[in-house]
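Quick notes on the structure that follows.
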There are 2 protein chains.
Amino acid sequence: MAGQNVISLETIKVACQNCSLSALCLPMTLTPEDVTRLDNIIERNRPLHRGDYLHSEGDPFERLRVVTTGSIKTYSTSDDGSERILGFHLPGELIGLEAIENSRHRCSAKALETTLICEIPFDALEQLSHETPSLQHQLYRLLSREIGHETEILMLLGKKGADERVATFLMSLSERFKGRGFSASDFYLSMSRFDISNYLGLAVETVSRIFTRFQDEGLINAKRKHVQLLNLARLQEIADGNHHKGRSQRGYHS
Amino acid sequence: MAGQNVISLETIKVACQNCSLSALCLPMTLTPEDVTRLDNIIERNRPLHRGDYLHSEGDPFERLRVVTTGSIKTYSTSDDGSERILGFHLPGELIGLEAIENSRHRCSAKALETTLICEIPFDALEQLSHETPSLQHQLYRLLSREIGHETEILMLLGKKGADERVATFLMSLSERFKGRGFSASDFYLSMSRFDISNYLGLAVETVSRIFTRFQDEGLINAKRKHVQLLNLARLQEIADGNHHKGRSQRGYHS
DNA sequence: AGAGTTTATTGATTTAGATCAAGCATTTGT
DNA sequence: ACAAATGCTTGATCTAAATCAATAAACTCT
């Protein structure tokens with residue numbers, strides 16, 4: 001995009017020995033030297049098993065984490081002990097950005113399956129970013145992007161019906177997998193129906209019913225945790241609220 | 001907190017001639033010199049009238065904005081023309097952080113009443129932050145804080161009932177006003193019931209009914225847009241989900 | 001100041017999705 | 001390999017909040 005020393009994501013991947021450093025590299029504007037320095041502070045491929053904690057709410061924040069393979073859920077626990085799922089993190093995605101403010105984590109994180117993560121000590125990253133304007137810029141962008149995500153979630157929870165939520169969820173996973181070179185229409189749902197329903201603000205029963213209905217309608221093929229999306233276009237329509245023949249939530253014009 | 005040159009928020013306020021620069025200063029760790037430099041790039045007190053746009057979705061992003069007096073709503077428009085309110089911005093609060101990623105605004109912003117804003121060219125701020133580690137750190141924190149807010153909204157929209165949502169909304173305004181030296185229990189609701197309901201993911205009628213019920217129960221005194229909170233403690237209980245005698249949404253334990 | 005428009009309230013009715021209840025399937029642990 | 005526990009699905013019922021409908025109050029504009 002901007003600078004003169006633009007390098008490709010491919011180059012990065014090689015330079016980083018396939019570590020998911022690319023999470024730090026939206027459209028990439030770091031020089032090869034920057035990447036090397038970045039590469040030096042990354043701690044690589046720590047393995048986790050299903051149910052392992054990365055951190056709990058209130059833990060001191062020391063490092064950002066990038067999922068290499070597997071998946072992580074982040075959640076917040078309320079007084080009465082009930083959880084609220086905040087998000088699912090797939091390969092290439094970052095965890096911990098919310099913790100910079102107070103050097104404390106504001107949520108817990110747990111592995112949903114066997115997972116590898118890379119870790120980046122934030123002190124070092126911040127220091128490096130001070131010496132490296134392009135990296136500083138990337139970090140601002142990265143944080144900003146995360147803020148932008150909120151829009152979608154507000155849309156989802158604020159005005160979408162149950163079908164739309166589930167379809168949106170599936171399409172979101174699809175696109176995120178695709179973006180990382182996995183199949184966009186055939187993947188493994190590492191999270192439980194319970195987690196999904198919690199994340200979508202629905203009851204488990206509702207999610208389960210919608211899965212079976214989508215199945216009956218030939219939109220998906222869900223065998224337990226393995227899901228195939230058979231009709232991406234239709235799912236996208238549903239996600240967008242074009243329900244049967246153009247249904248939508250109550251309009252609202254200023 | 002950290003550094004040796006910590007100065008108080010009071011000092012800042014004076015240094016900035018009461019401009020709401022303090023939005024950039026969570027617990028403050030900028031030196032007086034930093035503040036002066038920051039001060040120099042800020043464009044002060046641009047006036048807006050009710051209904052004026054600050055920017056629309058897709059507009060190029062050039063400056064961060066801080067509300068000095070008045071209030072702003074941010075919202076996103078979907079294909080069918082319906083709006084989704086993303087947030088309300090009170091004095092001292094920042095607008096535009098979501099736009100850094102692509103140098104384009106991801107939402108629209110409109111003044112809810114007569115409003116003054118300060119503007120900070122982002123290029124200059126970024127440049128300055130590069131020369132000023134403490135400012136760089138503040139910016140990371142600021143962005144991170146915004147990401148952390150998401151938690152609360154997810155809680156609100158994901159598991160709270162209508163009463164809880166309205167109570168949470170009122171308490172949130174109360175605290176934000178209090179934090180800026182306004183009354184915590186007596187304020188002006190610059191946004192319409194429509195905006196409130198949209199933000200809370202409820203129907204206008206529902207919000208209206210809850211306002212009148214809260215009124216009947218002696219919790220608030222709402223004359224149109226002027227609201228008095230008469231029983232903060234009880235409102236907080238309701239916001240937390242301690243409805244009549246300990247009601248709560250379906251629990252969920254991992 | 002009064003007609004017209006927007007915004008808010010209140011009531012009646014409907015409905016999407018939650019809750020309750022029960023039965024299967026799948027994993028886990030010994 | 002078996003029992004126990006956990007997670008998933010399906011059906012019946014209930015309810016919170018949406019929708020529909022109508023009125024009333026508050027701004028706007030000339």
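In what follows, chains are A, B, ... by sequence order, proteins preceding strands, each numbered from 1.
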Problem - Distance in angstrom units between A:Phe211 CZ and D:dG7 P, rounded - result: 16 Å
Practice task
Could you tell me whether the phosphate oxygens of C:dT7, OP1 or OP2, come under 4.0 Å of any side-chain nitrogen or oxygen in B:Ser192?
Solution key: no
Problem - Donor-acceptor pair (no angle test) under 3.5 Å: B:Arg213 side chain, C:dT9 base - result: no
Handout entry: Donor-acceptor pair between A:Ser78 and B:Lys159 side chains, under 3.5 angstrom
Key = no
Practice task
Check the side chains of A:Asn221 and A:His226 for a donor-acceptor pair under 3.5 angstrom, ignoring hydrogens and angles.
Solution key: no
Exercise for the section: Please work out if B:Arg165 contacts a base, only the sugar-phosphate, or nothing of the nucleic acid, heavy-atom cut-off 4.0 Å. Expected result: nothing
Exercise for the section: Rounded off to whole Å, could you give me the CG-to-C1' distance for the A:Asp195 and D:dC8 pair? Expected result: 13 Å
Practice task
Take the protein atom CD1 of B:Ile210 and the nucleotide atom C1' of C:dT10, then report the distance between them rounded to whole Å.
Solution key: 14 Å
Completion exercise
Winner on side-chain proximity to A:Arg209, out of C:dG17, C:dA8, C:dT19, is C:dT19
Practice task
Name the closest nucleotide to the A:Ala203 side chain, picking from C:dA8, D:dA17, C:dA18.
Solution key: C:dA18
Practice task
Tell me what A:Thr212 touches on the nucleic acid: a base, only sugar-phosphate, or nothing, going by heavy atoms under 4.0 Å.
Solution key: sugar-phosphate
Practice task
Classify the side-chain pair B:Ser76/A:Thr151 by whether it contains a donor and acceptor separated by less than 3.5 Å.
Solution key: no
Problem - Over 12 non-hydrogen atoms of neighbours within 6.0 angstrom of CG in A:Asp216 - result: yes
Handout entry: Rounded distance in Å - CZ (A:Arg224) to C1' (C:dT27)
Key = 9 Å
Fill in the blank from the handout: Here the distance between atom P of D:dT6 and atom CG of A:Leu112, to the nearest Å, is 18 Å
Handout entry: B:His89 and B:Arg65: side chain donor to acceptor below 3.5 Å
Key = no
Practice task
Among the candidates D:dT28, D:dC8, C:dT9, find the nucleotide nearest to the side-chain atoms of B:Ser208.
Solution key: C:dT9
Problem - Separation of D:dT28 P from B:His49 NE2 (nearest whole Å) - result: 13 Å
Handout entry: Integer-rounded Å distance: C:dT27 P and A:Arg193 CZ
Key = 12 Å
Completion exercise
When rounded to whole Å, the CG to C1' distance for the pair A:Leu189 and D:dC8 reads 13 Å
Practice task
Decide yes or no, distance alone: a donor-acceptor N/O pair under 3.5 angstrom between the base of D:dC8 and the side-chain of A:Glu205.
Solution key: no
